[in-house]
Amino acid sequence: SAICAGAALQPIPFADTFVLTPIQGYMGTRIAAVRGIPISRNDALTTITEISGTIGLGLLAQQLVIGAYKTFIPSAGGLFTAPMVFALTYGIGRVMDQYLISKSKGQILSKEVLKEIYRKAKEEGKKEQSE
């Protein structure tokens, strides 16, 4: 989450998706490794895509806000968006963790459950980032 927040400091509007997604994909491979679940980087990116499809509107709205900050406040936009990116990535990591654990057990979490995990984890990420 901290690496993604640091990457968000780059000033180019709407480039965050192309910068953050590979970092988040790598995060997915590390989460899987910690959990003992074999997963490749490509599998992790596919998992992020699946998760993003579930929590997609929230991600899209946040990417638009991040892009707007960087467009209208170019010099400080990254500073304003870094905390949001930290919380977003924290939430994605928590959802990915639960998703992978369930998938390894042959279970599928519903979209509603994934959305609730994401919502709670984003709030945790906001608190974690402020500390």
(request) If a pair satisfies salt bridge (charged side-chain N to carboxylate O under 4.0 Å, His left out) and one of its residues is in residues 23-40, list it, with sequence neighbours excluded. (result) Arg35-Asp97
(message) Could you work out, with side chain to side chain donor-acceptor pair (under 3.5 Å) as the rule, every residue matching Glu128, not counting sequence neighbours?
(response) none
(request) Sequence neighbours left out, what passes side chain to side chain contact (heavy atoms under 4.5 Å, CB included) with Ser104? Give chain and number order. (result) Ile37
(request) State which residues pass side chain to side chain contact (heavy atoms under 4.5 Å, CB included) with Lys126; sequence neighbours excluded, sorted by chain then number. (result) Ala87, Glu123
What is the minimum heavy-atom distance between [X] and [Y], and which atoms define it?
X	Y	answer
Ile31	Gly93	CD1-O, 3.5 Å
Cys4	Val85	O-CG1, 3.5 Å
Gln24	Met96	O-CE, 4.3 Å
Ala32	Leu100	CB-CD1, 4.0 Å
Ala121	Gly91	CB-CA, 3.6 Å
Leu88	Tyr118	CD1-OH, 3.1 Å

(request) Sequence neighbours left out, what passes salt bridge (charged side-chain N to carboxylate O under 4.0 Å, His left out) with Lys120? Give chain and number order. (result) Glu116
(message) Quick one, Gln98 with Leu114, criterion side-chain contact (heavy atoms from CB on, under 4.5 Å). Give me CA distance, side-chain angles, the key distance, then yes/no.
(response) CA-CA 8 Å; Gln98 291 301 309; Leu114 291 172; 5.6 Å; no
(message) Using 0.5 Å steps for rounding, measure from the CZ atom of Arg94 to the OG1 atom of Thr89.
(response) 13.5 Å
(message) What's the separation between atom NZ in Lys115 and atom CZ in Arg119, rounded to the nearest 0.5 Å?
(response) 13.0 Å
(request) If you link ILVMFWY side chains whenever their heavy atoms are less than 4.5 Å apart, which other residues fall into the same cluster as Tyr90? By chain and number, please. (result) Phe86
(request) Considering only Ile, Leu, Val, Met, Phe, Trp and Tyr, and joining two whenever side-chain heavy atoms are under 4.5 Å apart, list the other residues clustered with Ile101. (result) none
(request) Look at atom CD1 of Ile3 and say whether more than 12 heavy atoms of other residues, nucleotides or ligands are closer to it than 6.0 Å. (result) no
(request) Any chance you could lay out the side-chain contact (heavy atoms from CB on, under 4.5 Å) test for Ile117 and Leu109, step after step, and finish with the verdict? (result) CA-CA 10 Å; Ile117 293 168; Leu109 296 175; 4.2 Å; yes
